[in-house]
Structure formats: structure tokens, C-alpha cells
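Single-structure report; data block below.
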2 protein chains.
Amino acid sequence: MFGFNNISIDKKSRFSFPAKYRDAFINSNENQIVITKDPQYPSLKVYLGSEWDQISTKLSSLQGLDPIVRNLQWTILGNASVCDFEPSGRMQVLISADLKKYAQIEEANRICLIGMGNKFEIWNQENWEQRQTGGSLATEILDIVLPESIKDMSF
Amino acid sequence: MFGFNNISIDKKSRFSFPAKYRDAFINSNENQIVITKDPQYPSLKVYLGSEWDQISTKLSSLQGLDPIVRNLQWTILGNASVCDFEPSGRMQVLISADLKKYAQIEEANRICLIGMGNKFEIWNQENWEQRQTGGSLATEILDIVLPESIKDMSF
DNA sequence: ACAGAATCCGGCTTATAGACCAACTCATAT
DNA sequence: ATATGAGTTGGTCTATAAGCCGGATTCTGT
């Protein structure tokens, strides 16, 4: 579940997971994934079902009167899309128009899928390269001061 | 698992581990290695499977909203490539175009593989020599201020 | 100089990504 | 109620890339 992949999305905004991750999905009995917005950068996060259960449970239980927490709830929970996933099959995922817009991949026919161990990120190639070479993005959100309640969470 | 090796990479960007390390791999039941970017210098890191499990688990559990942590996650986890050894016992490793570029070995047909005990490093020969003689590299990243959460980690 | 081992090289095989197409569903309008 | 068309889903095919393997070449130690 690691590493960089440049993959295509078809006209219907579908992409398929690289086959090299298949065994990991099967071994961990994952049959759904969740795709949602990244709160920090114009990119998307893809969680395994089990990972998502933990994150969403924890995040939704937090005190929403804190504006930072509420923003995270909106962004992460409010845009999540659950997708049934058959690891023995083609492992295809649909990206909604709204998520494509957020990640600035409306016009693109290729995306970058980055394996981060327990999750994946989806980036527009230019944004990704700029970020990796130390450049900053117009839309990034810097210096979030995290409330104590989420210091131990990893999104 | 120590020492300096100057070895060749072929047209398909593969290299094979010096045979002198083979017994050590077999004895420790390692059947895969992971190759990824070094966060500090234009070079690559090669971890044994078991070592990688520890590092990646710890690193992916950290709070990704911290920009330094997220950069390390991107660099180390997001560029990792897992590689199984050949059934015949030969230990061949493919270096992706992206990793070659990062380590500045795009045009090279030889690399330096440095055994560091529990991991290896891969360098472009000129960079390695310059670094060993105290010279500085144009692209190195100095003085990372590490957050408390990763002070005890060794990459 | 020779023998054995390690390394390098390139062809062959297999698996996969990506594109194309067919079928089905659903919505709308007549 | 039926026909039309758009949107969605799933299947199949093919070029490409990854994995596997054997032989040629180079290296090392005696």
C-alpha cells in the first residue's frame, strides 16, 4: 500500500487501483473504500473501510463548537463517498464531479495515486510535483493550530 | 550488511544485490526489500521488509496535519516501492524513473550501494564522493527541525 | 592461467492498464 | 404506455510493462 502511481481515469471518471495492492486488500478483508476531501490541500483521500470506521467515529464524536473541528467534520465527513469494492475483480472507483473539482482534476485524464500505508492520496500531477519540490500551492491551508482533542488523530 | 559497493544498473534500470549479502538475507527470513527516497539528500534508501514494517507503521500513524510530518510521509511512504526477490534466489531490484531522477542517476550506468547495517543507501558516485569529502550538495535539505513525535525514529 | 563464482544482459512469458463496446437502467417526453 | 436517449455498469480485447529465466561475460582467488 505504498508508492507513487500515475494512472488514467476514463471518460466516466473511473479509475482502477493498481493490481499490486490487491493482495493487501484481500488479506485485510476490505470490501469497501471511502473517498473524500483532504482538509489541507487540493487533493483527495482514500481510506480503507476499517480505517474509515475509526476516523469517522472519532471525528464525529468531537465537540463541533470548535471551529477547526467543525471544519474538519464538514470537509472529511461531509464529502465522503463510500464505494463497494471487490478486490478479486477490477477494483474500480468512481470520482464524483464535486471531488474532481476540489482536487483540480476536472479536465485531467490522469491522476497521481499515492500509497501512504493505511490510506491513499489522489493528486493532480502538477500540484503533486510542485508540492514535492517544495513549491507552495495557491490553495493550501497552512499552520492549522490543532485543538488537543485531535492531536493524536492521523487523517 | 555493511560497506561500499559500486555496481551497475542495466538498461531496464535494474541492479542486483551483491551476493555477499545473500546469506544475511536468507538467515533473517527476508524475502522483500523496499526502496524509497531519502528525505534529506538526493539519494535512495533500501530497507529490509521487516525494518520497513516498523518504520512505515510508525510514520503513517503520526499526525499528518503537521507539515513536517506530512512531508516525511509523502517522501518516504509515498515513493516506496516494494520488491520481491526472485524465486531463484537472485536479488534483483528495479529503480523507477522517478527514483532515478531523484537520486540524480538518470544517465548513470553505475551506482554506489552503501551497506549501513539494517539498511542500504544508493548514491550517484559523484554526490557520494563530494559528501564524503565534506563538500555540500546543491539539493540537500539541511536543518530539519523534527517534531517531538518523531525524535526517536531512525529512518 | 585456470576454475569457479558473481555479475550482467537480453529474450521470453505472463499479467495488467487502458480503451473500446455492449447491455442495462432510468428518466423524460410524446 | 411506449419510445427515445442519456447515463451507468460491466465485459472483452490488446499494447505495454513487469516478472522470470538462461546464457554470456567479467571478476576473483589460487
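Chain letters run A, B, ... following the sequence lines, proteins first, then strands; residues in each count from 1.
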Nucleotide by nucleotide, nucleotides 7-26 of chain C touches protein heavy atoms under 4.0 Å in the pattern (B base, S sugar-phosphate only, - none) SBBBB----SSSS-B-----
Using atom [atom1] of [X] as one end and atom [atom2] of [N] as the other, report the distance to the nearest whole Å.
{"X": "Glu86(B)", "N": "dG22(D)", "atom1": "CD", "atom2": "C1'", "result": "11 Å"}
{"X": "Asn5(A)", "N": "dA18(D)", "atom1": "CG", "atom2": "P", "result": "11 Å"}
{"X": "Phe85(B)", "N": "dC21(D)", "atom1": "CZ", "atom2": "P", "result": "16 Å"}

The complete set of salt bridge (charged side-chain N to carboxylate O under 4.0 Å, His left out) pairs with one or both residues in residues 52-77 of chain B, sequence neighbours excluded, reads Asp38(A)-Arg70(B), Glu121(A)-Arg70(B), Lys58(B)-Asp152(B)
Not counting sequence neighbours, which residues clear salt bridge (Lys or Arg N to Asp or Glu O under 4.0 Å) with [X]? List them please.
{"X": "Lys119(A)", "answer": "none"}
{"X": "Glu106(A)", "answer": "none"}
{"X": "Arg90(B)", "answer": "Glu86(B)"}
{"X": "Arg14(A)", "answer": "Asp10(A)"}

Across all chains, not counting sequence neighbours, the side-chain contact (heavy atoms from CB on, under 4.5 Å) partners of Phe155(B) are Tyr47(B), Ile55(B), Leu59(B), Leu72(B), Ile76(B), Met153(B)
Under a 4.5 Å side-chain heavy-atom rule over Ile, Leu, Val, Met, Phe, Trp and Tyr, are Met1(B) and Val46(B) clustered together? yes
Show each protein N/O and nucleotides 28-30 of chain D N/O combination with a separation under 3.5 Å, one pair to a line.
none

Restricting to ring-ring contact (aromatic ring centres under 6.0 Å, His included), what partner residues turn up for Phe17(A), sequence neighbours left out?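 So Phe17(A) forms a ring-ring contact (aromatic ring centres under 6.0 Å, His included) with Phe15(A), Phe25(A), Phe85(A), Phe120(A).
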